[in-house]
Amino acid sequence: MKIVPFLKSLSRSVHNQEQHDQHDEQELNTVGACTTLTVWRKSLLISCKGFTVIDSNGDLVYRVDNYVGHPEEVVLMDASGKSVLTMRRRKKLTLVDSWFVHEGEVGDYCRTRTSKSSPTFCVRKNMNMLNANPNILAYVYREAWGHKRYAYLIEGSYTHRSCKVLDEYRNVVAEIKRKETNIGGVSYGVEVFHLIVHPGFDAGFAMALVLVLDQLFS
């Protein structure tokens, strides 16, 4: 699916700039065939707040359209509008902010506890009072395996769009990088950034983590 010319131009401009950024390019080459997506913190719908995710060809990959009145749930859709993952805030009273990741669109039937509605992952915000490392933003647990050991760790600064997702062996599986360079006199700031997905890691799940980070730290 091709998106509006502005977004296509935006994607190409951002990705073309990588050729002139030797530091970034060197990092990308060291991890092999990574998938680099351009994330725009804006919905395609005027009445919504959300995200638009495009690839280097200017094709729409994912989209998020958040309607007013549903702040506890975020749905990640593909280019055709099909729900890929649903993120829901844990409603139980707790000091630690947590979000559950469900496959597809959950809806109200999630209370039936069917296999389709059970969350696959849980993302928990790191609290400094519980962990001495302030660089850690969140822990990601496999919901079906319990909460004793995290599956992934997110560290860095989402506010500055500089984060890394690491597995339990501290291998980097995904990165969020801000584009500092001005292109054509336009500064993209923190509203447009890169999501770099390393080989073997699911791009949709990586984007789901971005959405949870945005809820936790924006």
From [X] atom [atom1] to [Y] atom [atom2], the distance as rounded to the nearest 0.5 Å:
{"X": "Leu195", "Y": "Ile176", "atom1": "CG", "atom2": "CD1", "answer": "6.5 Å"}
{"X": "His194", "Y": "Lys177", "atom1": "NE2", "atom2": "NZ", "answer": "10.0 Å"}
{"X": "Lys42", "Y": "Cys48", "atom1": "NZ", "atom2": "SG", "answer": "10.5 Å"}
{"X": "Arg88", "Y": "Ser98", "atom1": "CZ", "atom2": "OG", "answer": "15.5 Å"}
{"X": "Leu166", "Y": "Asn171", "atom1": "CG", "atom2": "CG", "answer": "8.0 Å"}
{"X": "Arg178", "Y": "Thr159", "atom1": "CZ", "atom2": "OG1", "answer": "10.5 Å"}

Which atoms form the tightest heavy-atom contact between [X] and [Y], and what is the distance?
{"X": "Glu73", "Y": "Asn66", "answer": "O-OD1, 4.5 Å"}
{"X": "Arg161", "Y": "Val190", "answer": "NE-O, 3.0 Å"}
{"X": "Cys34", "Y": "Ile196", "answer": "CB-CG2, 3.8 Å"}
{"X": "Ala208", "Y": "Leu76", "answer": "N-CD2, 4.3 Å"}
{"X": "Gly156", "Y": "Leu137", "answer": "O-CD2, 3.3 Å"}
{"X": "Asp167", "Y": "Tyr152", "answer": "CA-CD2, 3.7 Å"}

Does the plane of the ring in Phe193 sit parallel, tilted or perpendicular to the ring in Tyr158? Use 30° and 60° as the thresholds. perpendicular

May I ask you to decide if the ring planes of His102 and Phe100 are parallel, tilted or perpendicular, using 30° and 60° as cut-offs? perpendicular

So do [Y] and [X] actually touch side chain to side chain, heavy atoms under 4.5 Å?
{"X": "Asp214", "Y": "Arg41", "result": "yes"}
{"X": "Val64", "Y": "Met77", "result": "no"}
{"X": "Leu37", "Y": "Tyr62", "result": "yes"}
{"X": "Val210", "Y": "Val53", "result": "no"}
{"X": "Trp99", "Y": "Leu216", "result": "yes"}
{"X": "Gln215", "Y": "Val212", "result": "no"}
{"X": "Leu153", "Y": "Arg170", "result": "yes"}

Kindly write out the residues that satisfy ring pair (Phe, Tyr, Trp, His ring centres under 6.0 Å) with Phe51, not counting sequence neighbours, or none if the list is empty. none

Any side-chain donor paired with an acceptor under 3.5 Å for His198 and Glu175? yes

Okay, side chain of Asp55, backbone of Asn57: is any donor-acceptor separation there less than 3.5 Å? yes

Say whether, by atom type as modelled, one donor and one acceptor occur between the side chain of Thr86 and the main chain of Gly104 under 3.5 angstrom. yes

Audit row: Arg142, Glu168, salt bridge (Lys or Arg N to Asp or Glu O under 4.0 Å) steps and yes/no: CA-CA 12 Å; Arg142 286 188 175 88; Glu168 57 184 330; 5.1 Å; no

Let me know which of Arg90, Met127, Lys125 forms a side-chain contact (heavy atoms from CB on, under 4.5 Å) with Asp97. Lys125

Val84 with Val75, same ILVMFWY side-chain cluster at under 4.5 Å: no

Do Tyr150 and Tyr139 have ring centroids that are under 6.0 Å from one another? yes

